[in-house]
Amino acid sequence: MALNMALNIGRNIKKLRAEKGVTQEQLAEHLSITYQSVSKWENNITSPDLYFIPAIADYFEISIDELFQPDMQGYKNKAARLFALYEHRGTKQYFDKADAEYEMLITENMADADDYRIYGTLNQFHAKKLNKKAEDSFRRSIEMGNEYSEGQLIGLLASLGRNQENINKYEETTKSNPDILQNWRNLIYSYAAAYSGTSDANLEKGLEIAKKCLLKFPEDAGLLFTCGNILRLLKKYEEAEAYFLEAIEKNPDRGAGGASYYNMAFMYTETKNYEKAIWAWEQAIALQDRLGLAVEEAEMGKEWPKKEIAKLHALL
C-alpha cells in the first residue's frame, strides 16, 4: 500500500471512529482483532490488511474509495452517506438508494430531526432535476408541434413561481398574432396561473380576457368552459353555471362540453347542492355511452362518477 494511502486510511479510521462515537476496543471487537491493531493503524505504524478494508468501510458506512481520500468525511448513518453520493453524482441510482434508506429509518422510527431535514433536501434536489427534465421535454414537444404541451408547460412554470414568464410570452404573442385563438387561451391560462391557485394568479384578469375573447370567438365552447371554471374558483356559482350549461349546449359530447359536467358536479358538491351534483355525475356517466368507446373503457370512465354518486346519496 502506498505511503500516502496508508497515512490517509490511518487518519480516516481515527476520524470516523470519533465521529461514530466508538472506542478502539469496540471497532476491534467488531472486526475480531485486538485494539492494539487498531491503535497501530491510527498511528500509522501498520496498515489494515486488504481483507479488512471492505468491513471497515461497511462499519463506517462509507465507500472504499472514501476510506483512502485525504479529505474524507464521515456520515452519521448510511442514509446520509447515500445522500452525499447523490449530491455528488446526481444519478437516479443514488437517489433511489438514499430514498429507500431514509424510508427505512422513518418506518422503523429511527429518523431524527436532522434525518428528516436531509431527506427533505434529497427530495428537493431530485424534484428540481425532475422539473428541469419536464420543462425540457415540454419545450421539445412544443417544438415538434404538440399543442397540448403548451398548456402543461404553463402549468409547470406557474407551479414553480415562474408565471410571469408565461404572462410576458403570451402578452407578446396575442399582440403579434391576435387572430390565433390558442394564443388567447394561453394568456388566459397564464393569468389564471393554470388554475393552480398560486400566489401570482389573477383570476379576475383571466376572466376579463376570456369574456372579451368570447366577443371575438362566440362559438367556442372552450372559452365558455374557461369562464365557468374561473367563475367557480371566484365562487360566483350562478354565473359559472350559466357558462357551463352554454358550453354543453355548444358541444355536448366532447371537449369543454363534456368536461363541464364534471366541473358542475364539483361546484354543486361545494355548494352542498347534492341533488344537482348527482344529476351532473349521471350526465357524465351517460356521456361515456355517447362517446362510442370500447365497453371496457366506457365502464372505467363510469367508475369514478358512480363512486361520487354513492357518496352524495349518503349525504342526502
Side-chain angles (χ1 to χ4, degrees), residues 127-198 200-203 205-207 209-210 212-214 216-233 243-244 246-248 250-266 284 287-288 290-294 296-298 300-301 303-305:
K128 186 174 181 180
K129 287 173 66 68
L130 292 178
N131 284 328
K132 180 62 168 61
K133 289 174 71 173
E135 180 179 349
D136 290 345
S137 296
F138 286 142
R139 291 191 186 282
R140 180 60 180 145
S141 180
I142 292 167
E143 289 172 3
M144 297 171 72
N146 188 298
E147 61 184 69
Y148 299 108
S149 294
E150 195 115 22
Q152 289 180 275
L153 178 59
I154 292 170
L156 174 65
L157 295 182
S159 71
L160 296 175
R162 295 166 56 190
N163 196 48
Q164 193 59 46
E165 294 178 36
N166 293 325
I167 293 172
N168 293 343
K169 176 180 178 179
Y170 295 110
E171 284 281 11
E172 183 60 35
T173 58
T174 52
K175 287 177 183 176
S176 57
N177 295 284
D179 295 326
I180 299 177
L181 175 57
Q182 190 58 45
N183 290 337
W184 291 103
R185 289 189 199 281
N186 292 334
L187 181 60
I188 295 164
Y189 200 41
S190 298
Y191 271 111
Y195 304 141
S196 65
T198 58
D200 57 355
N202 189 336
L203 294 173
K205 181 69 172 178
L207 181 62
I209 297 170
K212 286 181 179 178
C213 281
L214 273 171
K216 189 177 181 68
F217 308 98
E219 298 302 312
D220 189 79
L223 286 172
L224 292 165
F225 169 80
T226 296
C227 288
N229 212 21
I230 296 176
L231 285 162
R232 177 195 153 209
L233 293 172
Y243 276 100
F244 285 138
E246 190 174 353
I248 291 168
K250 298 285 186 188
N251 190 357
D253 294 343
R254 296 281 180 178
S260 291
Y261 289 125
Y262 291 87
N263 280 268
M264 290 171 74
F266 299 144
L287 175 64
Q288 300 302 312
R290 297 200 303 272
L291 291 177
L293 304 172
E296 296 83 358
E297 188 176 357
M300 285 191 291
E303 287 179 6
W304 178 28

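When reading the values below, keep in mind they use all heavy atoms of this one structure, side chains included, and skip hydrogens, waters and symmetry mates.
- Nearest heavy atoms, A256 versus F225: CB-CB, 3.5 Å.
- Looking only at distances, no side-chain donor or acceptor of W184 sits under 3.5 Å from a matching main-chain atom of A210.
- Within the 4.5 Å cutoff, side-chain heavy atoms of M264 are placed close to those of I248.
- With sequence neighbours left out, the side chain to side chain donor-acceptor pair (under 3.5 Å) criterion links K216 to D179.
- The closest side-chain donor-acceptor pair between N168 and E172, if any, does not fall under 3.5 angstrom.
- Residues forming a side chain to side chain donor-acceptor pair (under 3.5 Å) with K132 (at least two apart in sequence, or on another chain): D136.
- With sequence neighbours left out, the salt bridge (charged side-chain N to carboxylate O under 4.0 Å, His left out) criterion links E135 to R139, R162.
- The closest donor-acceptor contact from the side chain of N131 to the backbone of A127 lies under 3.5 Å.
- Residues satisfying the side chain to side chain contact (heavy atoms under 4.5 Å, CB included) test with K205, not counting sequence neighbours, are Y191, N202, E208, I209.
- Considering only residues two or more places apart in sequence or on other chains, E143 meets the salt bridge (charged side-chain N to carboxylate O under 4.0 Å, His left out) condition with R140.
- Closest heavy-atom contact between S149 and S141: OG-OG, 2.6 Å.
- Minimum heavy-atom separation, P252 to Y261: O-CE1, 3.8 Å.
- Applying the side chain to side chain donor-acceptor pair (under 3.5 Å) criterion to E150, with sequence neighbours excluded, gives K169, Y170.
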